[in-house]
There are 2 protein chains.
Amino acid sequence: MSNDVSYKDKKVITIGVVSELTGLTDRKIRYYEEKKLIFPERTAGGSRKYSFSDVELLMKIADKMEDGIQTREIRQELVKEQNRATKEELRKKMLQGQINAHFGFRKP
Amino acid sequence: MSNDVSYKDKKVITIGVVSELTGLTDRKIRYYEEKKLIFPERTAGGSRKYSFSDVELLMKIADKMEDGIQTREIRQELVKEQNRATKEELRKKMLQGQINAHFGFRKP
DNA sequence: CGTGTAAGGAATTCTGACACG
DNA sequence: CGTGTAAGGAATTCTGACACG
């Protein structure tokens, strides 16, 4: 189905590199996780791993923090965005279902 | 000019994750570097950083090693590939030069 | 030649807490 | 609330070398 998202969403970057990439301190990055703004995966040993998408999101977060927006609000915005995205995807799937129902669909 | 290559070629993955991703031991990964097959960058502290392209290349290398090909030969193949790519790029640039010469080119 | 491994050390990351404001 | 920092510990990575084949 999807394609090159494989890289952008793969969680492979450790916090030190994320810190370099975003200019944020480790402390801030971990704090935003605590506040549910970001969700890294972990290595077997417990080290955090982030994706390029996470890095982009962290930069957006940094901008909003600079604007004086609280993590609470940012979190709400993110949840809303996520809901919009989920709904959109659902809408697409239902439409596809209609199409399949109309034109029929059999395995080859 | 180029576009989304930004992610694929960005060196951000530490050797432990690369090891997970490729199934190769750290020892092997470092050895292939010693043999000039792969060229990671370094963090300030000296840790190696790889790109997704590097990961892909390592998997290709692993395949060839399984086929009993020596690092020496693999290296030669890689250099040839690189030369082909460089030539191709040069060819494109020269062609573009011809086009600009013919149709003229002024800054707006 | 390609790879495992033990060795010693340095860099990286982790958590929980105190501090300030 | 958001962030810095010192603390102690564990996981990660590094290099050079010996071993085997």
Side-chain angles (χ1 to χ4, degrees), chain A residues 10-79, chain B residues 10-79:
Chain A
K10 202 138 202 180
K11 311 241 177 185
V12 296
I13 316 178
T14 49
I15 199 166
V17 178
V18 172
S19 176
E20 286 177 21
L21 259 33
T22 61
L24 298 170
T25 60
D26 298 15
R27 179 66 166 100
K28 286 182 179 178
I29 297 170
R30 294 198 192 97
Y31 182 69
Y32 299 152
E33 178 184 358
E34 191 184 318
K35 291 307 178 182
K36 307 289 177 62
L37 302 184
I38 194 94
F39 304 91
E41 292 183 356
R42 299 275 183 152
T43 67
S47 294
R48 273 165 266 248
K49 290 185 299 185
Y50 303 84
S51 67
F52 280 111
S53 292
D54 291 334
V55 170
E56 287 186 1
L57 179 52
L58 280 169
M59 295 178 87
K60 282 188 199 169
I61 294 172
D63 285 345
K64 304 203 176 187
M65 292 301 289
E66 277 185 34
D67 293 346
I69 307 181
Q70 295 194 328
T71 58
R72 185 87 210 289
E73 299 173 64
I74 297 176
R75 168 124 201 267
Q76 291 170 339
E77 289 176 31
L78 291 177
V79 171
Chain B
K10 204 140 199 179
K11 312 242 175 183
V12 296
I13 317 177
T14 49
I15 199 165
V17 178
V18 171
S19 176
E20 286 176 20
L21 258 33
T22 61
L24 298 171
T25 60
D26 298 15
R27 179 67 166 100
K28 285 181 179 178
I29 297 170
R30 293 200 192 97
Y31 181 68
Y32 300 152
E33 179 185 357
E34 190 184 318
K35 291 306 176 184
K36 306 290 175 65
L37 302 183
I38 193 94
F39 304 90
E41 293 182 356
R42 300 275 182 149
T43 66
S47 295
R48 273 166 265 248
K49 292 185 296 185
Y50 302 84
S51 67
F52 280 111
S53 293
D54 290 334
V55 170
E56 287 186 1
L57 178 53
L58 279 168
M59 297 179 87
K60 281 188 198 170
I61 293 172
D63 286 344
K64 304 203 176 189
M65 292 301 290
E66 277 185 34
D67 294 346
I69 307 182
Q70 296 194 329
T71 58
R72 185 85 210 292
E73 298 173 66
I74 297 176
R75 166 120 204 268
Q76 291 169 340
E77 289 175 31
L78 291 177
V79 170

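Every heavy atom of this structure was used, including side-chain atoms; hydrogens, water molecules and symmetry mates were not. Naming: A, B, ... by sequence-line order, numbering from 1 per chain.
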Rounded to whole angstroms, how far apart are [atom1] on [X] and [atom2] on [N]?
X: B:Asp26; N: D:dT15; atom1: CG; atom2: C1'; answer: 13 Å
X: B:Glu34; N: D:dT15; atom1: CD; atom2: C1'; answer: 11 Å
X: B:Leu58; N: C:dT3; atom1: CG; atom2: P; answer: 12 Å
X: B:Glu33; N: C:dG2; atom1: CD; atom2: P; answer: 15 Å
X: A:Glu20; N: C:dT13; atom1: CD; atom2: P; answer: 9 Å
X: A:Ile29; N: D:dG4; atom1: CD1; atom2: P; answer: 11 Å
X: B:Arg30; N: D:dT12; atom1: CZ; atom2: P; answer: 13 Å
X: A:Met65; N: D:dT3; atom1: CE; atom2: P; answer: 4 Å

Do A:Ile74 and A:Tyr32 touch side chain to side chain, with heavy atoms closer than 4.5 Å?
-> no
With sequence neighbours left out, write down each residue that passes side chain to side chain contact (heavy atoms under 4.5 Å, CB included) with A:Lys36, or none if nothing qualifies.
-> A:Phe39, A:Arg75
Check side chain to side chain contact (heavy atoms under 4.5 Å, CB included) between B:Lys10 and all other residues, then give those that pass, not counting sequence neighbours.
->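 So B:Lys10 forms a side chain to side chain contact (heavy atoms under 4.5 Å, CB included) with A:Phe52, B:Val12.
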If you round to the nearest 0.5 Å, how far is [atom2] of [Y] from [atom1] of [X]?
X: A:Arg48; Y: A:Thr43; atom1: CZ; atom2: OG1; answer: 10.5 Å
X: B:Thr71; Y: B:Gln76; atom1: OG1; atom2: CD; answer: 10.0 Å
X: B:Leu58; Y: B:Ile38; atom1: CG; atom2: CD1; answer: 4.0 Å
X: A:Leu78; Y: A:Lys35; atom1: CG; atom2: NZ; answer: 14.5 Å
X: B:Ile61; Y: B:Leu57; atom1: CD1; atom2: CG; answer: 4.0 Å

Using only side-chain N and O atoms of A:Tyr32, determine if any of them is under 4.0 Å from OP1 or OP2 of D:dT3.
->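 Yes.
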Using only side-chain N and O atoms of B:Tyr31, determine if any of them is under 4.0 Å from OP1 or OP2 of C:dT3.
-> no
Report, one pair per line, the protein and nucleotides 5-8 of chain D atoms (nitrogen or oxygen only) whose separation is under 3.5 Å.
| unit_1 | atom_1 | unit_2 | atom_2 | d |
| --- | --- | --- | --- | --- |
| D:dT5 | O4 | A:Arg27 | NE | 3.3 |

Sequence neighbours left out, what passes side-chain hydrogen bond (donor to acceptor under 3.5 Å, both in side chains) with A:Ser51? Give chain and number order.
-> A:Asp54
Counting only pairs under 3.5 Å, give me each side-chain donor-acceptor contact of residues 14-28 of chain B, with atom names and distances, residues two or more places apart or in other chains.
| unit_1 | atom_1 | unit_2 | atom_2 | d |
| --- | --- | --- | --- | --- |
| B:Ser19 | OG | B:Leu24 | O | 2.7 |
| B:Thr22 | OG1 | B:Val18 | O | 2.8 |
| B:Thr22 | OG1 | B:Leu24 | N | 3.1 |
| B:Thr25 | OG1 | B:Lys28 | N | 3.2 |

Residue A:Thr25, side-chain atoms from C-beta onward, closest of C:dG4, D:dG4, C:dT13 =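 Selected nucleotide (nearest to the side chain): D:dG4.
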Could you give all pairs that pass the ring pair (Phe, Tyr, Trp, His ring centres under 6.0 Å) test and reach residues 53-74 of chain B, with sequence neighbours left out?
-> none
Sorted by number, the residues of residues 36-52 of chain B with heavy-atom contact under 4.0 Å to DNA chain D | B:Arg42, B:Gly46, B:Ser47, B:Arg48
Fill in the dot-bracket string of DNA chain C, one character per base: . for unpaired, | for a pair to another strand, ( ) or [ ] for pairs within the strand, taking Watson-Crick or G-U pairs under 3.5 Å.
-> .||||.||.|.|.||.||||.
Can you list the residues that meet the salt bridge (charged side-chain N to carboxylate O under 4.0 Å, His left out) rule with B:Glu77, with sequence neighbours excluded?
-> B:Lys64
Any salt bridge (charged side-chain N to carboxylate O under 4.0 Å, His left out) pairs touching residues 37-46 of chain B, not counting sequence neighbours?
->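 Every pair satisfying salt bridge (charged side-chain N to carboxylate O under 4.0 Å, His left out) with a residue in residues 37-46 of chain B: B:Glu33-B:Arg42.
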Does anything in residues 12-19 of chain B reach DNA chain C, meaning a heavy atom under 4.0 Å, and if so which residues?
->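 Per residue number, the list is empty: none.
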